[in-house]
Participant: 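Would you mind keeping the following structure in view while I ask a few things?
Every chain is numbered from 1, with letters handed out A, B, ... down the list of sequences.
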Amino acid sequence: MDTSIKVLIVDDFATMRRILKNILKQLGFKNLVEADDGTSAWDILQGQSIDLIISDWNMPKMTGLELLKKVRASDTYKRTPFLMVTAEAQKQNVIEAVQAGVSNYVVKPFTAEAISDKLEKILK
Amino acid sequence: MDVKLINPFINATINVLETMAFVNVTAGNPYVKKDNVAVGDVTGVLGLTGVANGTISVTFEEKCILTVVSNMFGETMTELNTEIADAVGELTNMISGQARRELEEVGKVFKAAIPSVITGRNHSITHYTDGPKIAIPFSTENGDFTIEVCFER
């Protein structure tokens, strides 16, 4: 797994961004960028080159699903790995995310191992 | 109130605290709460809509939530502040999410609002409906917390 890539973490809760940053740092990732909703994330994606997006679903302004759809419609990011990390894991949510092109899905609460396993799969 | 609506919140609370904060949690006996005064120092409240409308709340004693968030962050937290409030909101969100998944398996589908957080000694918890408030006390090695589940009659 290439840990030199730039990762964008998107969650409206600072707590979750901090937990994910801690896990990613333990895995060796150093190049981490944060956004607190989909709109801010999209602005960052326009200004920087991002290699992996890890996003919550339920956020104000622009949800994780809306961000995923914009990302997949973009020439620059249509193939960029997109990991959804969310408490929204009812069947319809998962179906919608898969249809929109999510790379993988982690349900909150999660362990560090669950994040690591999913990243191994999508960054192969 | 249908007891089948309560158990998923108890299961979710135990799992979220154990998974995210490595805290062993013991549930006490549920009771009907008669007043609006919180049993603790910081509360997350979240509205639910679906087959029934209601709210859940999660109230922590200060010592308990400081331990929980310290474990989540891997560093010692010493006072109730905006970081603790944010964490209580996210914990409430995760408990709601897991409980809703369990409820969906028995055909009860709910949507959740974004949680709000209240802090301060003897603060009040406003549930959005006038149904009975079922409180479930939990104990940990470092203090107690209580969840309340309230659905419309």
Participant: Do Val106(A) and Met72(B) sit in the same hydrophobic cluster, where Ile, Leu, Val, Met, Phe, Trp and Tyr count as joined when their side-chain heavy atoms come under 4.5 Å apart?
Facilitator: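 Yes.
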Participant: Could you state whether Val33(A) and Val71(A) fall into the same hydrophobic cluster, counting links through intermediate Ile, Leu, Val, Met, Phe, Trp or Tyr residues with side-chain heavy atoms under 4.5 angstrom apart?
Facilitator: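 Cluster IDs for Val33(A) and Val71(A) match.
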Participant: Every donor-acceptor pair from chain B to chain A under 3.5 Å, please, each on its own line.
Facilitator:
| from | atom 1 | to | atom 2 | distance (Å) |
| --- | --- | --- | --- | --- |
| Phe73(B) | O | Asn22(A) | ND2 | 3.2 |
| Glu75(B) | OE1 | Arg18(A) | NH2 | 3.0 |
| Glu75(B) | OE2 | Arg18(A) | NH2 | 2.9 |
| Glu83(B) | OE2 | Arg18(A) | NH1 | 2.5 |
| Asp86(B) | OD1 | Ala14(A) | N | 3.1 |
| Asp86(B) | OD1 | Thr15(A) | N | 2.8 |
| Asp86(B) | OD1 | Thr15(A) | OG1 | 2.7 |
| Asp86(B) | OD2 | Ala14(A) | N | 3.4 |
| Ala87(B) | N | Thr15(A) | OG1 | 3.0 |
| Glu90(B) | OE2 | Lys108(A) | NZ | 2.8 |
| Arg100(B) | NH1 | Glu88(A) | OE1 | 3.3 |
| Arg100(B) | NH1 | Gln90(A) | OE1 | 3.4 |
| Arg100(B) | NH2 | Glu88(A) | OE2 | 2.8 |
| Arg101(B) | NH1 | Ala87(A) | O | 3.2 |
| Arg101(B) | NH2 | Lys108(A) | O | 3.3 |
| Glu104(B) | OE1 | Lys91(A) | N | 3.3 |
| Glu104(B) | OE2 | Lys91(A) | N | 3.3 |

Participant: Spell out, yes or no, whether Val85(A) and Ile53(A) are grouped together once hydrophobic residues are joined by side-chain heavy atoms under 4.5 Å, including indirect joins.
Facilitator: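 Different clusters.
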Participant: If you look at every heavy atom in Gly89(B) and Phe13(A), which pair is closest and at what distance?
Facilitator: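 Answer, listing the atom of Gly89(B) first, then Phe13(A): C-CE2, 3.6 Å.
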Participant: Spell out the residues in residues 23-42 of chain B that have some non-hydrogen atom less than 4.5 Å away from a non-hydrogen atom of chain A, in order of number; otherwise answer 'none'.
Facilitator: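 Checking residues 23-42 of chain B against chain A gives no residue, so none.
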Participant: Membership question, hydrophobic clusters at under 4.5 Å side-chain separation (ILVMFWY): are Ile56(B) and Phe60(B) in the same one?
Facilitator: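 The answer is yes; both residues are in one hydrophobic cluster.
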Participant: Who passes ring pair (Phe, Tyr, Trp, His ring centres under 6.0 Å) against Phe29(A), sequence neighbours left out?
Facilitator: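 Scan of Phe29(A) (ring pair (Phe, Tyr, Trp, His ring centres under 6.0 Å), adjacent residues dropped) gives none.
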Participant: Applying ring pair (Phe, Tyr, Trp, His ring centres under 6.0 Å), can you list everything that pairs with Phe82(A), at least two apart in sequence or on another chain?
Facilitator: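 Counting only residues at least two positions away or on another chain, Phe82(A) forms no ring pair (Phe, Tyr, Trp, His ring centres under 6.0 Å).
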Participant: Please look at Phe22(B) and chain A and tell me whether the side chain, the backbone, both or neither of the residue comes under 4.5 angstrom of a heavy atom of that chain.
Facilitator: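 No part of it gets close to chain A.
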Participant: Leu5(B) and Ile147(B): same hydrophobic cluster, using ILVMFWY side-chain contacts below 4.5 Å?
Facilitator: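 As far as the 4.5 Å side-chain criterion goes, Ile147(B) and Leu5(B) are connected within one cluster.
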